[in-house]
Amino acid sequence: MEVEHSLEEKNRIQALHELEILDTPPEERFDRITKIAQIMFDVPIALVSLVDSNRQWFKSCAGLSARETPRSMSFCSHAILNEDIMTIEDATKDNRFSDNPLVTGDPFIRFYAGKPIRGLDNKMLGTLCIIDKKPRVFSKADKSVLTDLANWVENEFKTSILTKSLKNTTENLVKVQQELLDQNKNLELKIKEKTNQILKQDRVTTVASMSSRLAHDLRNPLQVIQISSELLREELEKHMDEGMKKRCGNLQSSILEINRIIEDVLEFVKTSQLNQETNSSKNLLENCVSNIVIPENITISLPENDVQIFGDARKIQAVFSNLIINGIQAINGSGEILIRISEYPEKTSITFEDSGPGIPDEVMPKIFDYLYTTKQDGTGLGLGICKSIIEQHGGKISVSNNPTTFTIELPKQ
């Protein structure tokens, strides 16, 4: 039985603390009740007393300056053991209280009447009690009035509990509402992103179909133009002045650029199987540079070291060419492209660094997207194809600024 009583008392103290009213400032709604009790019963002291673990604390105290007393001296700790009003007509004649410091000393309690106060869960919180310094008899009518006043106190506590519960519920609702708003916002973003992906895919599919047909149709007449241009240059070269040679060189460069664009388009609409073998990275880069028209004021610095790369030579060389040509266009007339090769235990890294002005921050996240380009004459396919080829090899490609550097990482065989 003692263990059960201890557990019950522990639960009662927990319920009292959950009310969060201990050590709060005085409130007029409780002080009004103790003042009425003080006047109606013509007593010097009326208290709303809450019984804590080691003390009794007064939420309202009419006629008493102290806000708490030790529980060992408390009359109320006895009163909360029963539901009915506990009445002590003369404390000096009661064996439980005759030697109590509150009886033998200030405030010299003689008469005490306390009605227990319960919380929402029926746990005893404390009492509404009245105290007199002289013995007196407490009538049935007096008990009825004290009970009504105690019920009033109970209702005020229950209002506090309900107000706190309502506040917590409101805060939780606000929190849930914000979570729902955040989820809705995230959902809208996902829907927008998915819609854009679908629209982009549809656009890519349509453009791929049209571009493939157009590229094939252009290839044959372009080959005729290229061959004819080369033959004319060989036959007329001796009779050309510097201006004509320059214009002829521009024509050749334009033909090569158109060829590159056609190759980009055809590469875009197909994903052929890789023809992988071990290749010299230095040879691949030298082949690229030899097939590119490099302006006079632009220097391309190739790496001195050579690292073996396992992959499709044609496709990797196409990636290298695309990055070098992009670098030349970015430099816009004068500057340097520096190519480095670094070998690691599990990968090979090739970097293409140019001395151009850099890539705008708003462009960086979209630079590898298909059909995205900042060039007036660009297809928006080159870097997207580069990314696709490198990923097909199990590698990755990235870009950074200051200076602009494209980095390719290819896994070792």
Side-chain angles (χ1 to χ4, degrees), residues 1-27 29-31 33-34 37 45-62 64 66-105 107 109-131 138 143 146-165 167-168:
M1 291 297 291
E2 186 177 350
V3 174
E4 293 179 0
H5 178 79
S6 297
L7 180 59
E8 183 179 347
E9 174 64 6
K10 181 180 178 181
N11 291 336
R12 186 193 72 79
I13 295 295
Q14 182 178 347
L16 174 61
H17 286 197
E18 287 175 353
L19 187 60
E20 295 183 353
I21 202 167
L22 290 173
D23 300 311
T24 58
E27 296 181 57
R29 57 183 176 139
F30 294 109
D31 291 344
I33 299 171
T34 54
I45 299 171
L47 307 168
V48 174
S49 174
L50 300 175
V51 182
D52 200 0
S53 303
N54 300 307
R55 61 173 178 161
Q56 64 173 353
W57 179 80
F58 308 128
K59 177 59 183 172
S60 179
C61 40
L64 190 68
R67 291 304 302 274
E68 65 178 62
T69 59
R71 182 169 175 173
S72 59
M73 301 180 186
S74 170
F75 282 60
C76 297
S77 61
H78 293 268
I80 63 173
L81 298 178
N82 299 288
E83 293 187 11
D84 295 333
I85 295 173
M86 186 181 85
T87 305
I88 308 296
E89 294 183 351
D90 187 347
T92 61
K93 296 179 179 179
D94 191 307
N95 292 333
R96 294 171 296 174
F97 305 105
S98 58
D99 59 350
N100 191 306
L102 300 177
V103 175
T104 58
I109 298 175
R110 293 296 177 266
F111 171 79
Y112 170 91
K115 169 60 177 167
I117 299 167
R118 292 180 178 272
L120 281 177
D121 54 1
N122 259 359
K123 294 288 190 299
M124 296 291 190
L125 302 176
T127 70
L128 170 64
C129 63
I130 54 175
I131 294 170
F138 207 54
K143 291 181 179 179
L146 185 62
T147 298
D148 288 342
L149 291 176
N151 289 340
W152 185 0
V153 175
E154 273 190 6
N155 287 335
E156 292 294 344
F157 278 127
K158 289 176 181 178
T159 299
S160 297
I161 295 170
L162 290 172
T163 301
K164 179 191 171 188
S165 176
K167 181 181 177 183
N168 290 338

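All residue numbers refer to positions in the sequence shown, counting from 1.
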Just how far is it from atom OG1 of Thr104 to atom CD1 of Ile109, taken to the nearest 0.5 Å? 10.0 Å
Go through the steps to decide whether Ile130 and Phe138 satisfy the test side chain to side chain contact (heavy atoms under 4.5 Å, CB included), and finish with yes or no. CA-CA 11 Å; Ile130 54 175; Phe138 207 54; 3.6 Å; yes
Partners passing side-chain contact (heavy atoms from CB on, under 4.5 Å) against Pro26 (at least two apart in sequence or in another chain): Asp31, Arg67
Output side-chain donor-acceptor pairs under 3.5 Å for residues 45-54, partner residues at least two apart or in another chain, one line each.
from, atom 1, to, atom 2, distance (Å)
Ser49, OG, Gln56, OE1, 3.2
Asp52, OD1, His17, NE2, 2.8
Asp52, OD2, Arg55, NE, 3.2

Within a radius of less than 6.0 Å around NZ of Lys158, do more than 12 heavy atoms belonging to other residues, nucleotides or ligands occur? yes
Tell me, which pairs form a salt bridge (Lys or Arg N to Asp or Glu O under 4.0 Å) where one or both residues lie in residues 76-91, sequence neighbours left out? Glu83-Arg118
All side chain to side chain donor-acceptor pair (under 3.5 Å) counterparts of Asp94, not counting sequence neighbours: Arg96
Sorted by chain and number, sequence neighbours left out, side-chain contact (heavy atoms from CB on, under 4.5 Å) with Thr147 holds for Ile85, Lys115, Asn151
At what distance, to the nearest 0.5 angstrom, does CH2 of Trp57 lie from OG of Ser74? 14.5 Å
Sequence neighbours excluded, which residues qualify as ring pair (Phe, Tyr, Trp, His ring centres under 6.0 Å) partners of Tyr112? Phe75
Any idea which heavy atoms bring Asn82 and Met124 closest together, and the distance? O-CE, 3.7 Å
Going from CD1 on Ile21 to OG on Ser160, what distance comes out if it is rounded to the nearest 0.5 angstrom? 4.5 Å
Going by the rule salt bridge (charged side-chain N to carboxylate O under 4.0 Å, His left out), which residues pair with Arg29 if we only count those two or more places apart in sequence or in a different chain? Glu27, Glu156
Can you run down the salt bridge (Lys or Arg N to Asp or Glu O under 4.0 Å) pairs that involve residues 72-81, sequence neighbours left out, and say none if there aren't any? none
Contacts of type ring pair (Phe, Tyr, Trp, His ring centres under 6.0 Å), residue Phe30, not counting sequence neighbours: Phe157
Evaluate Leu102 against Phe97 for side chain to side chain contact (heavy atoms under 4.5 Å, CB included), listing each step before the verdict. CA-CA 9 Å; Leu102 300 177; Phe97 305 105; over 6 Å; no
Ser98 meets the side chain to side chain donor-acceptor pair (under 3.5 Å) criterion, sequence neighbours left out, with none
For residues Trp152 and Leu128, determine if any side-chain heavy atom of one lies less than 4.5 Å from a side-chain heavy atom of the other. no
Rounded to the nearest 0.5 Å, how far apart are CZ of Arg12 and CG of Leu125? 7.5 Å
If we only count heavy atoms from C-beta on, is the Met86 to Thr127 side-chain gap below 4.5 Å? no
Just how far is it from atom SG of Cys129 to atom CG of Leu146, taken to the nearest 0.5 Å? 8.5 Å
Checking Glu18 now: which residues fulfil side-chain contact (heavy atoms from CB on, under 4.5 Å) with it, not counting sequence neighbours? Gln14
Would you name the heavy atoms of Pro25 and Lys59 that are closest together and state the gap between them? O-NZ, 2.6 Å
